[in-house]
Protein chains: 2
Amino acid sequence: MDQNPPRSTSVTVADVARRAGVSKATAARVLGGYGTVSDRVREAVTAAARALDYRPNELARSMTTGRSGTIGVVVGDIENPFFSLAVRGITDVARQAGFTVILINSGEDVTAEKAAIRTLLAKRVDGLIVSPAKESELDHLQEVARSGRPLALLDRGSEALAVDTVIADDRNAAEAVTRRLLALGHRRIAYITACDTSDHLFRTPTDINTGSVRRRIEGFLDICREAGLAEMERWVHVGASSPEHTRRIATDMLRASGRPTAIIASDSVIGLEVFKASCAIGLAIPSDLSLVSFHDADWTSVTSPPVTVVRQPVYRLGERAAQLLVERLNGEGMEARRVVLQTEIVERASVAEAPA
Amino acid sequence: MDQNPPRSTSVTVADVARRAGVSKATAARVLGGYGTVSDRVREAVTAAARALDYRPNELARSMTTGRSGTIGVVVGDIENPFFSLAVRGITDVARQAGFTVILINSGEDVTAEKAAIRTLLAKRVDGLIVSPAKESELDHLQEVARSGRPLALLDRGSEALAVDTVIADDRNAAEAVTRRLLALGHRRIAYITACDTSDHLFRTPTDINTGSVRRRIEGFLDICREAGLAEMERWVHVGASSPEHTRRIATDMLRASGRPTAIIASDSVIGLEVFKASCAIGLAIPSDLSLVSFHDADWTSVTSPPVTVVRQPVYRLGERAAQLLVERLNGEGMEARRVVLQTEIVERASVAEAPA
DNA sequence: TTGAAAGCGTTACCAT
DNA sequence: ATGGTAACGCTTTCAA
C-alpha cells in the first residue's frame with residue numbers, strides 16, 4: 001500500500017481526468033464547481049483528485065476567467081497603527097467576500113506609489129484601494145480608472161477624481177479642536193504634520209498634497225482667522241516624517257522663547273513624540289502645554305495625563321472602502337460614492353487653559 | 001491626430017507585434033526583456049507598446065515561467081503592532097528583491113491558517129512566511145514543504161519541521177525577567193498570555209501550542225522551580241485574547257486577596273490592558289505591582305511610570321525571515337537554517353521590590 | 001536576429 | 001450529462 005511520492009510537477013485537471021477515466025472538460029467541471037455532472041462521475045473525479053492530491057492553479061483559472069480574486073492595497077506605511085488598523089478592516093471584508101489582499105507600502109512616496117500601482121495592475125488585481133500620498137499627482141490613479149479596474153480611495157480623496165472615496169471628517173474635527181483651544185485662551189497653537197514641502201516650510205494649505213491633512217490645516221487656519229488671528233501659517237510645521245524629525249521639530253519649537261501653548265499632532269506617532277519631547281524638556285502637560293492628537297491610539301488613554309484625541313473610525317474607514325470596492329466588483333457600474341465618516345473629540349486631560 | 005480611446009479589452013504582445021510589424025515572438029522578446037533583438041526592431045516595438053499603452057500580464061507570464069513573483073505571508077493579526085512591524089520588515093526586503101506580498105490574517109486560528117495556506121498555494125506564491133498559530137498542528141505546513149515551495153517560519157518554530165526559522169530568544173528573556181523579579185523578592189508572579197487552552201486553564205507548558213509563548217513559560221517556570229517555588233503553574237493565565245478578556249483576567253486577579261505582586265505580560269497589547277486595569281483598581285505601579293511586558297511598543301516609555309519591557313528585534317525578525325526565503329528562492333537548496341535573534345531587557349520604572 | 005508553433009492549466013463554447 | 005477544442009497572454013524551444 002505504498003503511496004507514490006507526490007511528483008514535483010503539479011498535478012492538473014488532465015491528470016485527474018485521466019485517472020478518473022473522464023474527459024478533461026468533465027473533470028474540470030467538478031473540480032471547478034461549475035456546469036452539471038452526474039453524481040457517479042462527481043465521486044469518481046473527487047476520489048481521483050484526492051488520491052492525486054490535486055491543487056487547483058488559480059493563476060490558470062484567472063487567465064481564463066479574467067478575475068484574479070485579488071485586491072491590491074497601497075498604503076503609506078503599514079507600521080503606522082492608523083494604517084495597520086485600516087488594513088485590518090480591509091482584509092476582513094475582503095476575505096469574507098472571497099478576495100485576497102496584496103499589500104504594498106508606498107512610504108508616502110509618489111514614485112513608489114506609481115510603481116506599486118503598476119505592479120498591481122500587471123498582476124491583474126480585480127480592484128484597488130489606495131491611500132494616495134499626494135492629491136496633486138493622480139495620473140497613475142486615472143490610469144487605474146482607464147484600466148477598467150475599480151478603485152477606492154482611503155482616507156484621502158480628490159475632488160478631481162470620480163472614484164469611490166472614504167474619508168474622515170477631518171476639517172470639522174480640526175475646526176472643533178481649534179475652537180476649543182481658542183476658547184481656552186490659546187493663541188500660539190502649533191500644528192505638526194508628517195507631510196512635507198520642497199523647502200520644508202509651510203506657506204499655504206495648497207502646499208500640502210495629502211488631502212486629509214490639508215483639510216485639517218484649512219480648518220485650523222480658518223477658525224483662527226475667524227477669531228481674528230492672522231498669519232497662523234507660521235505655526236504649522238511640516239516634515240515630521242519620522243520620530244527623529246518630529247523630536248527635533250518639537251524640541252526646537254518648545255525651547256524657543258515664544259513657544260506654543262498648545263500643539264495639535266496630525267497623527268498618533270507624532271503625538272507620542274511631542275509628548276516625549278515635552279517631558280524631556282520639563283514642560284508639564286497640560287499646565288505648560290496643551291496637546292491634542294489625531295488618532296485615538298491605544299496608548300493615549302494611559303499616559304499621565306491621558307491625551308485628548310480626535311477619534312477617527314479607522315477600522316471602519318478600511319472596512320467601508322473595501323465594501324464599496326467589493327460592491328462595485330460584484331455589481332453594476334454606479335456613480336462614484338463619497339462617504340465621510342464622523343470623527344469625535346475624546347476629551348481627556350492634556351488640554352487646559354493657556355498659561356498666563 | 002486623434003488617439004483611439006484605450007480599448008476595454010487589454011492590449012497584448014500580439015497587438016504590439018502587429019502594430020510594430022514584427023512577429024509575436026520578437027515583440028515578446030523586447031517587451032519581456034530577454035533574448036536578443038536588433039536596435040531598430042527594439043525601438044519599433046517600444047514605440048508601438050507605448051502608443052498602445054501596453055501592460056504586461058503578469059498572470060500569463062507566471063503561467064509559463066512558473067514564478068509568480070509573489071510571497072505569501074500569514075500572521076496572527078496585522079493590527080497587533082508586533083506583526084505590523086514584522087510585516088514591514090518582510091515587505092521591505094521582498095520589494096527590494098522584486099517580490100510582492102500577499103498578506104493574510106489567521107486571527108491565530110488554525111483553521112483559518114490552513115485555508116490561508118491553501119489559498120496561497122493555489123495562487124502559486126513562490127514562497128511563504130508563516131507565523132504558525134499552533135505548533136502542534138503542522139500538516140498544512142508540511143503540505144507546503146511537499147508542494148516544493150520554500151517556507152520560512154516567523155517568531156514561532158517547530159523542532160519537528162526542517163524549515164528556515166527566525167525566532168527571538170524568548171526562553172532566555174523570560175528566564176532573565178523571572179530571575180530579576182525573584183531577586184526583588186517577588187513570589188507571587190503571574191504570566192498572562194493570549195494563548196488559550198480548551199478549558200481556559202493552564203496546567204503544563206505542553207498545553208501551549210504557540211512556540212514562542214511556550215518557551216517563555218517554560219523559562220518562567222524553570223527559574224521559579226530552581227528558586228524553590230513550586231506549583232507556579234497556577235500563576236499562568238491563558239485566554240487574554242482580546243482587550244476585554246485581558247481586562248477581565250487582570251481585574252479578577254488583582255482584586256483577589258492573594259493577588260500577584262508582579263505580572264509578566266506576553267505582549268504589548270496585554271501589557272497595556274494590565275496597566276490600565278491596575279490603574280483602575282487603584283494599585284500603584286511599581287510599589288503595589290511590578291509589571292514587565294514583552295515587546296518594546298512605542299508607548300511603553302511614555303507612561304507613568306514607564307514600563308520595563310523585553311525588547312525583541314521585531315522588524316529584524318521579519319526582515320531576516322524574508323531574507324532567508326529570498327535566498328532560498330534564488331539559490332540552491334541548502335540545509336534549513338534556524339536563526340535566533342537576541343532580546344534585551346529594557347529596565348524602566350515599572351519594576352520594584354515586592355511589597356512587604 | 002527573427003519567426004512559427006508548442007506549451008502552461010484553466011475555463012468556455014459547441015457539439016453530441 | 002459529457003467530450004472535443006479553442007481560447008487566455010505569455011515564454012520557450014527549434015528552425016531558418
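Hydrogens, waters and symmetry mates are skipped; everything else that's a heavy atom, side chains included, is used. Numbers restart at 1 for each chain; the letters A, B, ... are given by sequence-line order, proteins then strands. Remember, it's a predicted structure, so these values are computed and weren't measured experimentally.
- Close to D:dA1, at under 4.0 Å from its OP1 or OP2, lies a side-chain N or O of A:Thr36.
- Per the geometry, CG belonging to A:Leu31 stands 8 Å off P belonging to C:dT10, to the nearest Å.
- For the pair A:Asn57 CG and C:dG7 P, the interatomic distance rounds to 18 Å; values are reported in whole Å.
- The nearest whole Å value for the distance from the NZ atom in B:Lys123 to the P atom in C:dG9 is 17 Å.
- Within the 3.5 Å criterion, the main-chain N or O of A:Gly107 finds no donor-acceptor partner in the side chain of A:Asn105.
- One interatomic measurement links the two molecules: CD of A:Glu43 to P of D:dT2, which rounds to 12 Å at whole-angstrom precision.
- The closest side-chain donor-acceptor pair between A:Asp155 and A:Ser131, if any, does not fall under 3.5 angstrom.
- Side-chain nitrogen and oxygen atoms of B:Ser38 include at least one within less than 4.0 Å of the OP1 or OP2 phosphate oxygen of C:dT2.
- One interatomic measurement links the two molecules: NZ of B:Lys24 to C1' of C:dT2, which rounds to 15 Å at whole-angstrom precision.
- We find that OH of A:Tyr54 is positioned 7 Å from C1' of C:dT10, with the value rounded to whole Å.
- Within 3.5 Å, a donor on the side chain of A:Arg29 pairs with an acceptor on the base of D:dG3, or the reverse.
- Atom CZ in B:Arg61 sits roughly 15 Å away from atom C1' in C:dC8 (whole-Å rounding).
- For A:Gln142, the CD atom counts as densely surrounded, since its 6.0 Å shell holds more than 12 non-hydrogen atoms of other residues, nucleotides or ligands.
- Nucleic acid contact class of A:Arg40 (heavy atoms, under 4.0 Å, all strands): none.
- With rounding to whole Å, B:Arg67 atom CZ is found 16 Å from D:dT12 atom C1'.
- Nearest heavy-atom pair, A:Asp77 versus B:Arg88, reported as atom, atom and distance to 0.1 Å: OD1-NE, 2.8 Å.
- Regarding contacts with the backbone of C:dG3, a side-chain N or O of B:Ser23 is found under 4.0 angstrom from either OP1 or OP2.
- Considering only side-chain N and O atoms, A:Tyr34 lies nowhere under 4.0 angstrom from the phosphate OP1 or OP2 of C:dC13.
- Between B:Arg149 and B:Glu143, none of the side-chain N atoms (NZ, or NE/NH1/NH2) sits under 4.0 Å from a carboxylate O, so this pair counts as no salt bridge.
- Put simply, A:Thr26 has a side-chain N or O that comes within less than 4.0 Å of OP1 or OP2 on D:dG3.
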